2 protein chains.
Amino acid sequence: MNMHMIDIIAKKRDGNALTQQEIDFVIKNYTQGLIPDYQMSAFLMAVYFNQMNDEESTYLALAMRDSGDVIDLSSIEGVKVDKHSTGGVGDKVTLILGPLLASLGVKFAKMSGRGLGHTGGTIDKLESIPGYKVELPVKKFIKQVQDIGIAIVGQSGDVAPADKKLYALRDVTATVDVIPLIASSIMSKKLASGADAIVLDVKVGHGAFMKTEEDAIKLAELMVSIGRLAGKQMTAILTGMDEPLGHKIGNALEVYEAIETLNGQGPKDLVAVTVEIGAHLLLDAGIESDFETAKIRLHEALQNGTAYQKFLDLVEAQGGNLNALDDPSKLLSKKTVSILAEKEGYITDINALDIGKAAMRLGAGRETKEDLVLLDVGLDLHLKIGSYVKKGDKLATLYVRDKGIEEAKKLILSAIQIGNEQKHLELIRKTIK
Amino acid sequence: MNMHMIDIIAKKRDGNALTQQEIDFVIKNYTQGLIPDYQMSAFLMAVYFNQMNDEESTYLALAMRDSGDVIDLSSIEGVKVDKHSTGGVGDKVTLILGPLLASLGVKFAKMSGRGLGHTGGTIDKLESIPGYKVELPVKKFIKQVQDIGIAIVGQSGDVAPADKKLYALRDVTATVDVIPLIASSIMSKKLASGADAIVLDVKVGHGAFMKTEEDAIKLAELMVSIGRLAGKQMTAILTGMDEPLGHKIGNALEVYEAIETLNGQGPKDLVAVTVEIGAHLLLDAGIESDFETAKIRLHEALQNGTAYQKFLDLVEAQGGNLNALDDPSKLLSKKTVSILAEKEGYITDINALDIGKAAMRLGAGRETKEDLVLLDVGLDLHLKIGSYVKKGDKLATLYVRDKGIEEAKKLILSAIQIGNEQKHLELIRKTIK
């Protein structure tokens with residue numbers, strides 16, 4: 001095989017599809033430092049303009065998956081499931097979905113990243129429970145799933161290092177917003193996670209990475225295609241991110257809301273998304289065959305305490321202090337600030353992105369990898385789009401330490417629009433199976 | 001000024017025109033190593049797809065010019081002229097045009113590169129005259145032009161280093177074939193050369209960089225526009241490179257043919273291109289006002305010995321041995337190989353690129369910067385397209401040392417097509433003023 005990177009750049013530049021051998025060549029040699037960044041970035045820009053088809057995107061995802069560790073879950077009996085959200089503000093679905101599914105017999109073996117964002121990742125959130133150990137050796141991780149059906153840990157080993165290197169380059173060369181590259185990046189990590197069935201929650205709206213439904217559908221369809229070509233059971237749902245999901249944003253705050261939800265007291269939108277994803281996975285796992293029945297079983301498990309019991313099993317298995325969960329409000333900062341409505345009317349918009357930024361300013365999230373996340377800060381939005389408020393009503397409670405308070409207040413006040421029209425949002429927009 | 005390269009990449013990626021400030025920022029910081037190659041190559045690929053308009057291309061040429069030394073010829077009285085060819089096989093026009101114009105009172109102050117190619121550059125060719133010094137201090141260079149109207153020397157100083165750095169990057173990132181980048185690259189060096197009037201000879205055809213007339217016209221028009229926006233008198237002509245220019249290809253061989261031409265014995269096509277360019281420059285220099293009259297004066301100067309006398313003045317001024325020119329055939333290798341026609345008919349094609357490659361194989365040109373050029377090797381094509389040959393007639397004489405002979409023979413035999421049709425080529429295709 002006598003390939004040259006310059007010929008591959010030219011081939012993509014000229015609008016031709018690359019072969020699996022060519023994509024493997026690019027990823028292997030780039031990861032090893034044999035292809036320099038300056039050739040890779042020219043290639044990425046050519047991909048920006050000429051895109052990649054489903055096969056190329058799959059080859060790319062597979063090549064990036066194979067650049068690092070691939071988790072082998074085959075020793076766990078049954079269908080292993082996974083979910084991924086493209087990232088929304090207030091999205092704590094994994095914290096609820098995992099125990100919920102495990103309580104119905106589904107195997108939920110989740111390795112989760114920390115990442116950048118308005119709040120920490122799932123792992124940061126779980127760390128707000130005193131004692132919860134996010135690092136488990138792979139053997140213990142697998143044993144726990146065999147024993148209680150669920151484990152949620154931080155990524156161990158070196159998952160898709162090619163993707164990490166490529167993402168860092170895309171970030172500084174204006175080649176982030178390329179759907180085949182986004183899809184391959186996400187899927188390389190999902191395919192490394194060892195699950196048999198995956199549901200993707202593709203967020204759409206002004207608080208999401210994908211601003212238009214058209215782009216979100218393209219991304220969703222491509223990821224489903226990649227996963228299927230790689231032999232996985234795939235579903236994607238498009239959900240609205242026009243306002244934050246649920247009420248609470250922040251690490252401990254989201255654990256708090258997850259506990260409420262697991263006790264049947266969850267906000268409608270958060271429950272709806274969780275149950276929608278859960279129902280697809282119950283079907284994929286072969287536990288239910290009818291979608292509506294599956295949803296009913298999931299609602300029941302949230303109401304009757306079995307889902308919450310599984311959550312307690314999870315926390316206990318991973319060393320968390322169960323007493324701390326008796327009153328989860330103790331996990332939150334004691335210092336609070338209220339934000340009051342300045343006029344009367346319907347809430348017509350809650351700009352999720354600005355709300356997320358407000359949480360980040362308070363310290364709930366990371367802007368750079370080195371930032372320390374504060375677990376006990378964040379905000380609780382008391383109202384949703386469509387709610388009616390009077391002047392002076394409490395719009396939100398901030399849980400703060402000593403930073404970012406004024407900035408957060410300003411962001412939240414300008415994020416929440418009050419008007420005359422009562423809007424109704426469509427939350428679950430589309431299912432791609 | 002708080003600019004970021006990533007924003008400039010994104011702006012070009014999105015199809016927007018850049019400002020002069022932005023292009024200056026890119027070139028200055030890239031030359032200083034403050035913008036990394038990987039951002040520049042992503043930018044170049046975005047330019048490949050979205051091109052640059054005339055203004056952007058001009059800003060780019062000016063920024064690259066200003067990255068290095070700009071020659072100041074203002075102390076030389078009168079209009080200083082320059083010419084540039086985009087590169088053809090057998091193109092020795094500068095060797096003839098310079099003395100020819102100087103003999104009619106035009107100031108010809110030429111700094112020429114060596115470069116890569118089928119043969120060496122103008123400077124290599126002149127070095128085949130024993131004693132000819134191609135390196136002169138700028139002061140002496142200017143003095144010589146003041147005294148005898150002409151000097152042809154190698155590039156001194158650091159001309160357009162940004163272009164050199166950029167070209168090296170384009171070469172390995174599949175971004176060479178981008179007309180605005182080609183035009184800016186050529187013009188950055190032309191604008192640094194200090195001339196007031198410039199004629200560009202844009203070659204078109206299978207032996208040229210521009211394969212189609214459409215692309216050649218685009219390139220020519222853009223370069224004329226850049227030069228004019230930078231305050232120069234500009235003309236471009238499109239000339240055919242369907243067969244080599246003249247008969248002789250090789251360093252000393254081209255000096256030989258230049259001497260023949262300066263003595264009124266030049267091949268028709270070579271004389272035609274030289275006189276066409278010369279006439280434009282005679283007009284630009286204000287020495288003639290009528291194009292046809294200008295051409296007549298140029299033909300006369302080639303016939304009556306004044307142009308050749310100026311060539312001798314030039315050689316003498318730069319230290320060359322005039323005795324060596326009494327019989328220029330002595331400059332050629334004594335070892336020759338004849339190539340005979342294998343059938344009878346009209347010559348229907350002489351693939352200039354393959355002829356050029358044959359000369360290079362014999363050692364006449366450089367494939368890499370480090371290659372040594374052999375001055376006395378090359379080839380003499382005895383016939384042109386449209387000539388009639390009988391089987392066994394001599395097609396070409398190779399002047400060789402000991403390398404590349406068989407390869408060159410094979411290339412030449414396959415380059416020369418013999419058929420039944422007598423073709424007539426159009427040499428001067430278009431003038432852009």
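Naming: A, B, ... by sequence-line order, numbering from 1 per chain. It should be emphasised that the depicted structure is a prediction, and the values quoted were computed from it without experimental measurement. Because only heavy atoms are used, hydrogens play no part in the values below, and waters and symmetry mates are left out as well, while side chains stay in.
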Side chain, backbone, both or neither: which part of B:D171 has a non-hydrogen atom closer than 4.5 Å to chain A?
backbone
Gap separating the CG atom of A:N16 from the CD1 atom of A:I8, nearest 0.5 angstrom:
12.5 Å
Would you please say whether a donor-acceptor pair under 3.5 Å links the side chains of B:K28 and B:S67?
no
Could you tell me which portion of A:L44 (side chain, backbone, both or neither) has an atom closer than 4.5 angstrom to a non-hydrogen atom of chain B?
neither
For the interface with chain A, which of B:I9, B:V172, B:T175, B:D177 has the highest count of heavy-atom pairs at distances below 4.5 Å?
B:V172
Less than 4.0 angstrom from a charged side-chain N to a carboxylate O is my criterion; do B:E56 and B:K12 meet it?
yes
Find the one option among A:F49, A:Y48, A:F43 whose heavy-atom pairs under 4.5 Å with chain B are most numerous.
A:F49
Verify the neighbour count for atom NZ of A:K11: are there more than 12 heavy atoms of other residues, nucleotides or ligands below 6.0 Å?
yes
